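By convention in this document, chain letters (A, B, ...) are assigned in the order of the sequence lines, proteins followed by strands, and residues within each chain are numbered from 1. Note that the structure is predicted; figures quoted are calculated from it, not measured.
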Protein chains: 4
Amino acid sequence: MPNGFRLKGLVPATFTPMKEDGQIDLTKIPAIVDRLQGHGAGGLFVCGTTGEGASLSMAERMLTLEAHVGAADRRLPVIAHVAHTSLVEARELAAHAQRAGAAAISALPPFYFKPATLEQLVASMAEIASAAPELPFYYYHIPGFTGVSLDLVEFLRQAADRIPNLAGVKYTAPTLYEFQSCAAVLDGRFDLVFGVDEMLLAGLATGAQGAVGSTYNLAPRLYQAVMTHALAGNLAEARRLQLLSAHMVEAVKRYRPLPALKAMMAFIGHDCGPTRLPLQAMSATEKLALHRELDDIGFLEWMA
Amino acid sequence: MPNGFRLKGLVPATFTPMKEDGQIDLTKIPAIVDRLQGHGAGGLFVCGTTGEGASLSMAERMLTLEAHVGAADRRLPVIAHVAHTSLVEARELAAHAQRAGAAAISALPPFYFKPATLEQLVASMAEIASAAPELPFYYYHIPGFTGVSLDLVEFLRQAADRIPNLAGVKYTAPTLYEFQSCAAVLDGRFDLVFGVDEMLLAGLATGAQGAVGSTYNLAPRLYQAVMTHALAGNLAEARRLQLLSAHMVEAVKRYRPLPALKAMMAFIGHDCGPTRLPLQAMSATEKLALHRELDDIGFLEWMA
Amino acid sequence: MPNGFRLKGLVPATFTPMKEDGQIDLTKIPAIVDRLQGHGAGGLFVCGTTGEGASLSMAERMLTLEAHVGAADRRLPVIAHVAHTSLVEARELAAHAQRAGAAAISALPPFYFKPATLEQLVASMAEIASAAPELPFYYYHIPGFTGVSLDLVEFLRQAADRIPNLAGVKYTAPTLYEFQSCAAVLDGRFDLVFGVDEMLLAGLATGAQGAVGSTYNLAPRLYQAVMTHALAGNLAEARRLQLLSAHMVEAVKRYRPLPALKAMMAFIGHDCGPTRLPLQAMSATEKLALHRELDDIGFLEWMA
Amino acid sequence: MPNGFRLKGLVPATFTPMKEDGQIDLTKIPAIVDRLQGHGAGGLFVCGTTGEGASLSMAERMLTLEAHVGAADRRLPVIAHVAHTSLVEARELAAHAQRAGAAAISALPPFYFKPATLEQLVASMAEIASAAPELPFYYYHIPGFTGVSLDLVEFLRQAADRIPNLAGVKYTAPTLYEFQSCAAVLDGRFDLVFGVDEMLLAGLATGAQGAVGSTYNLAPRLYQAVMTHALAGNLAEARRLQLLSAHMVEAVKRYRPLPALKAMMAFIGHDCGPTRLPLQAMSATEKLALHRELDDIGFLEWMA
């Protein structure tokens, strides 16, 4: 019975390393995982948005997960993102994750056909979660990508009885009042993990204890410092550091967020290659300009 | 060289028959195809939105296509919808379609990550189309589902050189001025097929020669009558018949469009079973009420 | 009792002439109205979207209406657009329109706070319509601007008893199946006027008898030819002419639709000045380029 | 030269009191203002979203502002919201606010026609701000209502030279990373005031020193306690209290937010009457049920 499972601290949503021709490159994963583990990562979130899960084939998703589980070697929990527009495929990914040794699974809702009612959402998620019954299940709320923004508080209340392994929510939206309400449902039964890196301080103030995000790959020391200062009630210093994250987002969005973030992995010696179409990878010129901007705003030094 | 390929007349977007437990049921396909062929269908569009393609596994999509190609037995062209959020999987579906004997392929753009520029859209579509180089390729424009609504006229101009087998567009949007502009690009080089059944008359008036849609499964005689009257310039009678389609849509949307339409297949003796989650299938009570409404508005008699 | 009022033919939505400094310039109105009357306009729609009604002060809206009513001099009906985010102001505009001699009023729904239910929509529209009880009232459906897209068929059914002077709908959306359903409500009691110029042919085919739009100011002969050919069942020729309208829209949207259309009034000798902020008026260079494009596509000759 | 003006603490966005027939009722304002002043309000934001400014006539907006300025009697600053779809009217409201003794003005962007570029936004806002040159001007960012969400950091940089009296931003959106970036523009030159009550703690953690909102009318002691604990670094207690606000929002949105909040004024002895159409006022039954819910969650006691 997986309830009670909690993610703590910073959980990088890992990039899926690729070769220049777009093939996945599993050989890069062990070194990346070692680095993240050395930085005290609270887990690894694999094949999610950052990992371009939606752009990978079924086989690639399974191989990528296995490579992370192998590299983690029980040193830190690996959460497998298993969503798919087809619940049949999602169930297969879920079952594979359980077999492969993932510590938990997570799924966003179907997003071609979209659940229009809570009943449809609960039923859809129950179907996925039941394919990995021994693993905690995290609902992945990311309305900016899925267009699904049903009442989450009510979802948790209704799903509590229908999805026995429902452990919590990966909450990737800025609406922290809803985050806080969800965390309070059924006396705090569910684990609410915050997914907006550039608002980490706000999330911590609102009660987040775990956070999943792409930039925790890049500047783990920075965000850990934010966390330390926030927990000590030293908000001024936490804010000063969090501002670097906001500035980084300003820079990154001048290019294209995910391609830019993936390109930044090369800046720290872990080249993860280009993003796949439909995302347009960064050009060499763009990378150079971005590097300079990150240096100017003082973010680069935290990536060391 | 597949250019010059044109779809003519009414092309039903087929439902994927399922058993009560949600498994696909290929045994139903031959009778459905025979009926549609008997009604003069101009082709079959398989595993698209109507066919719940996004809710099927890769294997199910391939089997469903093969069953339709087999049942069609060269009597009418089968167009395979091969889109996927992963271009790797989409290419595999495209290559399979070519091997399996499809007459053409079609794909909507990636819709988790979405192309944000024409360059990203052209490059993404080129990648899919090149995996079935011997087949005509139809871009599937359906912004209500994908959220992608880049300038289609410009897309066609730019794609003309980059996608050698680009044959046309399955245009599922009500904006007929754009439809007409697209049809005029490069002296009418591309085949624009209209995808809004309940606006068929408007589409025909604007120049559509082919139309793909779900309700052409259900009431082919009605829409053929619309077509005949429209082509003869008898707009008043065409309009009277087209109004039945508009009334049907009013009824259907009081329930849930796709589940209702799929349920209606049973009304004509070709039970296609329930829709899959996240779409909620019709209950027996709902089916009964819908049947009565369709009778009241005079649509049911056209389904005979 | 104003029911039974019908708008016929092409009804230009007039531009509000302005001086270079942005002040309204009523002196230009008589010549414009004479020209439109000479071209057989079916009425004038004043202070709507084309007329930048939302950018005018209350006083300016009243003056602009009076100038049009005066210039029309009973030769053709003037419809006053009286919507406002404040129903108090909308009622004042409606009452003024009745006093000033308008033939009908029209209003879109409040759009800062928006009606979220049919009851709120009906009640809001009833409040406006009752301030001009002797005039026919047209609900102005333009969801692309207002964000309000409640079920129109149901609206008409419910409003029929609640708004005694409800005459019809100015329907500015491409979804012609809904247009057709609305026209059929209560045995065709309501007058459905179509508002998408670049889809006029499709609208006519679907049954529109009147059409309101901005480009009927610019090329009335073109659209009348479309109308004549369509009514004669000569769809091929109607289509050929309608394509010019679609090409014009392609050109205009490369700039900014309303500023471009307003600038085009100068091309026919009726300079209406710039658009007001927040719309950015066309520069001289842009106007020159647009003029050339309109010439190239063959639209300009129809503006003579 | 108004730069350097800062709003501090909790600034209630006041409701506009109305009689049962919907007429404004200025007689209620003095007692409300006295109460808020007694609770240490940092100012009053008048005729904004909470005050149904968009539903009031020009005359009503001016009278409502004057009543608040009179009641405040220099004890606390009054900020006048002067936005209008017509910049002509907005300028008139701005000039009136300066004459009437407001301490600052604020405006959201035009929202029928919307600025599509930063240049259009800056030019539009400059036009309003220049009509009250002696007052600080706050740009009112509320994309959920206006649909305008241009890059705010860049807006502030460009507007700094073009709008001499630009003092800051009333920021009503949950995206606190952008809030933080804006607060850092030009070495913190601008005053960023936070407008999401149910996220006050997150806003404070991110650096907000002032906050404008509707519920500061209702439970000022609660939010002041949140503020006190947050500033003291006592995040756990601040969070416990902030959760009451989140629960209140859950209750309120089960009805309709603004009508419910306005109805709640009667619960504290300051009946502000119904909301105007298109907002549907609360029924007596709904009010009773809401009162009970607010009691159950422990919010009501903080309204005393």
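Once rounded to the nearest 0.5 Å, the distance linking CD of D:E52 with OG1 of C:T85 reads 11.5 Å. Between the CE atom in C:M125 and the CG atom in D:L277 there is a gap of 9.5 Å [rounded to 0.5 Å]. Distance check, rounded to the nearest 0.5 Å: OG of D:S86 to CD of C:E60 gives 6.0 Å. Here D:L56 contributes atom CG and C:E89 contributes atom CD; the two are 9.5 Å apart, rounded to the nearest 0.5 Å. The line from CD of D:Q280 to CD of C:E119 is 6.0 Å long, rounded to the nearest 0.5 Å. In this structure, OG in D:S55 is found 10.5 Å from NE2 in C:H84, a value given to the nearest 0.5 Å.
Taking the six-membered ring for Trp and thresholds of 30 and 60 degrees, C:F145 and D:Y112 have nearly parallel ring planes, at less than 30 degrees apart.
Contact between D:P278 and C:Q120 at its shortest, heavy atoms only, is O-NE2, 2.6 Å.
Contact of D:L108 with chain C is made through the side chain alone, with heavy-atom distances under 4.5 Å. Of the two parts of C:L121, neither the backbone nor the side chain holds a non-hydrogen atom closer than 4.5 Å to a non-hydrogen atom of chain D. Interface remark: C:I142 contributes side-chain atoms only to the contact with chain D (heavy atom separation under 4.5 Å). For D:T275, no part lies under 4.5 angstrom from a heavy atom of chain C.
Side-chain contact between C:L87 and D:R276 is absent, with no heavy atoms from C-beta onward closer than 4.5 Å.
Comparing D:S124, D:A54, D:G53 by heavy-atom pairs within less than 4.5 Å of chain C, the highest count is held by D:A54.
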